[in-house]
Each structure stands twice: as structure tokens, then as C-alpha cells.
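Right, one structure below, let's go through it.
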Amino acid sequence: MDFLDTLLINLYSERGTQKVSKIAIGIVCAVWLTAAACVFWALPSHSWLWLISIFNSIQVLMTIIKYIPQVVMNFMRKSTVGFSIGNILLDFTGGIANYFQMAVQSIDQNSWLNFYGNPGKVLLSLISIFFDIIFMLQHYVIYPDRKKPSTTIVDKDGTEPLIDTSHLSPSENV
């Protein structure tokens with residue numbers, strides 16, 4: 001359902017001059033063709049576990065593909081201005097919680113099957129945590145926000161204005 005929501009939003013939203021790249025269209029078509037071929041391959045033999053592992057592999061590959069452009073863009077711009085770190089922090093927390101859940105289940109069941117029995121889940125979490133750490137390093141360490149120090153003007157009664165008007169000319173500052 002999320003896919004359809006995203007597709008409809010992208011098709012009918014105002015994008016200005018932005019267009020979907022031919023590479024992105026090619027990747028989406030290749031993934032859908034691969035998924036369809038695998039479904040038809042698994043259908044007669046009822047190889048559903050194999051099909052799920054193929055879908056896990058596709059999900060891991062798409063996760064890698066979705067993160068790389070943002071890492072590269074942050075590197076090329078030497079900045080993360082405009083980049084929302086909130087979702088990355090939530091994603092990182094979810095990845096750590098996922099590993100904690102698998103560890104608790106493994107201890108409870110006295111088996112490490114949770115880790116090596118579902119490579120798609122483990123790889124997805126590892127890749128997400130890896131890229132989340134890269135984004136956090138870019139945002140907080142490598143390219144921290146370099147704002148100019150604020151020179152706030154204090155009124156006669158000791159209060160500061162709610163809106164910074166220091167960049168306005170005296171005629172605009174009414």
C-alpha cells in the first residue's frame with residue numbers, strides 16, 4: 001500500500017522542473033521484471049520460501065540504492081543543510097531495537113537462528129544502521145551547521161525581539 005501511495009503522490013504532485021531520472025526508471029523496471037519472473041518461477045513449484053528470500057534480497061539492494069545518493073550529495077555539497085536528521089535518528093533507533101529484539105529472542109529460545117535464519121532482516125538492519133551512522137557523522141561531525149553567531153539586539157526594557165530584523169534596512173524595519 002505504501003508503494004501505491006508514494007507512486008500516486010509522485011505522479012500527481014507539483015514537481016516543478018524535477019523529473020524522474022532514466023536510471024531510476026530503469027532500476028524500477030528491472031526490479032519489477034525480476035520480481036514478476038520470480039513469482040512465475042515459484043508458482044508451479046510452490047517455492048514460497050525461496051521467493052521471500054529473493055524479495056528480501058531485492059529489498060536489501062533497494063535500501064543500498066536509496067541511501068547512496070544522499071550520502072554522495074551531502075559529500076559533494078559539504079553540507080547537510082535541508083537534510084532532516086529526525087527520521088535517520090528514528091531509523092537508527094529502530095535498527096538497534098531490532099537487534100536487541102533478536103538477541104532477547106535468541107537468548108530466550110537458546111538458539112541463534114534469529115540471526116542466521118533470516119539474512120534479509122539482518123542485512124537490512126546492518127545496512128540501515130551503517131548508513132544512519134554515516135548520516136549522523138555527516139550531520140553532526142563532518143558538516144555541522146555553520147551559522148553565524150547571532151547578534152541579538154536587546155530592547156530598553158531587557159527583552160529580545162521575536163523576529164530577527166537585523167538584516168532589514170532601517171526603512172523596512174518598521
Side-chain angles (χ1 to χ4, degrees), residues 1-35 38 51-109 112-152 162-164 167:
M1 214 45 197
D2 287 339
F3 170 76
L4 291 176
D5 292 343
T6 304
L7 181 65
L8 290 174
I9 288 170
N10 286 324
L11 285 176
Y12 295 106
S13 295
E14 178 63 37
R15 295 184 303 257
T17 60
Q18 293 181 345
K19 295 181 182 175
V20 178
S21 71
K22 291 179 182 177
I23 294 172
I25 292 171
I27 290 170
V28 169
C29 289
V31 166
W32 276 103
L33 286 173
T34 302
C38 289
L51 185 63
I52 289 172
S53 70
I54 294 297
F55 287 164
N56 278 341
S57 301
I58 290 171
Q59 187 177 17
V60 167
L61 179 67
M62 295 305 289
T63 300
I64 293 170
I65 290 172
K66 84 173 180 183
Y67 283 129
I68 289 175
Q70 186 66 52
V71 171
V72 171
M73 189 171 83
N74 291 347
F75 173 75
M76 299 296 282
R77 293 176 50 222
K78 303 287 188 243
S79 172
T80 59
V81 172
F83 177 69
S84 175
I85 196 72
N87 285 338
I88 298 301
L89 297 174
L90 290 172
D91 192 41
F92 180 75
T93 305
I96 297 298
N98 180 41
Y99 275 105
F100 182 70
Q101 175 205 12
M102 289 192 300
V104 168
Q105 282 181 333
S106 295
I107 291 167
D108 181 51
Q109 297 168 353
W112 293 100
L113 185 64
N114 288 315
F115 285 97
Y116 64 82
N118 191 350
K121 182 177 181 179
V122 173
L123 278 173
L124 194 61
S125 292
L126 274 176
I127 290 167
S128 292
I129 289 172
F130 172 75
F131 278 104
D132 292 341
I133 289 171
I134 290 174
F135 289 135
M136 288 186 285
L137 285 172
Q138 283 182 330
H139 191 76
Y140 293 115
V141 178
I142 301 171
Y143 315 121
D145 195 16
R146 294 178 178 87
K147 290 182 181 177
K148 292 185 270 182
S150 162
T151 54
T152 308
L162 293 175
I163 300 174
D164 179 22
H167 65 284

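Because the structure is predicted, anything quoted here is derived from the model rather than measured.
In this structure, the separation between CD1 on I68 and CD1 on I134 is 9.0 Å, given to the nearest 0.5 Å. Within the model, atoms CD of Q109 and CD1 of I107 stand 11.0 Å from one another, a figure rounded to the nearest 0.5 Å. Rounding to the nearest 0.5 angstrom, the gap separating the OG1 atom in T80 from the CE atom in M136 is 13.0 Å. Taken to the nearest 0.5 Å, the CD1 atom of I54 stands 9.0 Å off from the OG1 atom of T34. The CD atom of Q70 lies 8.0 Å from the CD atom of Q138; values are rounded to the nearest 0.5 Å. Rounded to the nearest 0.5 angstrom, S21 OG and I27 CD1 are separated by 7.0 Å.
With sequence neighbours excluded, no residue satisfies side chain to side chain donor-acceptor pair (under 3.5 Å) with Q59. The ring pair (Phe, Tyr, Trp, His ring centres under 6.0 Å) check on F83 picks up F135, with sequence neighbours excluded. In this view, S128 satisfies the side chain to side chain donor-acceptor pair (under 3.5 Å) rule with no residue, not counting sequence neighbours. Take Y140 and apply the ring pair (Phe, Tyr, Trp, His ring centres under 6.0 Å) test, not counting sequence neighbours, and it matches no residue. A search for ring pair (Phe, Tyr, Trp, His ring centres under 6.0 Å) contacts involving F131 returns Y67, not counting sequence neighbours. When the side chain to side chain donor-acceptor pair (under 3.5 Å) test is applied to N56, no partner is found at least two apart in sequence or on another chain.
For the pair Q101 and V104, the minimum side-chain heavy-atom distance is 4.5 Å or more. At a threshold of 4.5 Å between non-hydrogen side-chain atoms, the residues I88 and H139 do not count as touching. In this structure, M102 and V122 have side chains that are in contact, with non-hydrogen atoms separated by less than 4.5 Å.
Here the closest heavy-atom approach between residue L124 and residue V60 is recorded as N-CG2, 4.0 Å. Nearest heavy-atom pair, S125 versus Y99, reported as atom, atom and distance to 0.1 Å: CB-CE1, 3.4 Å.
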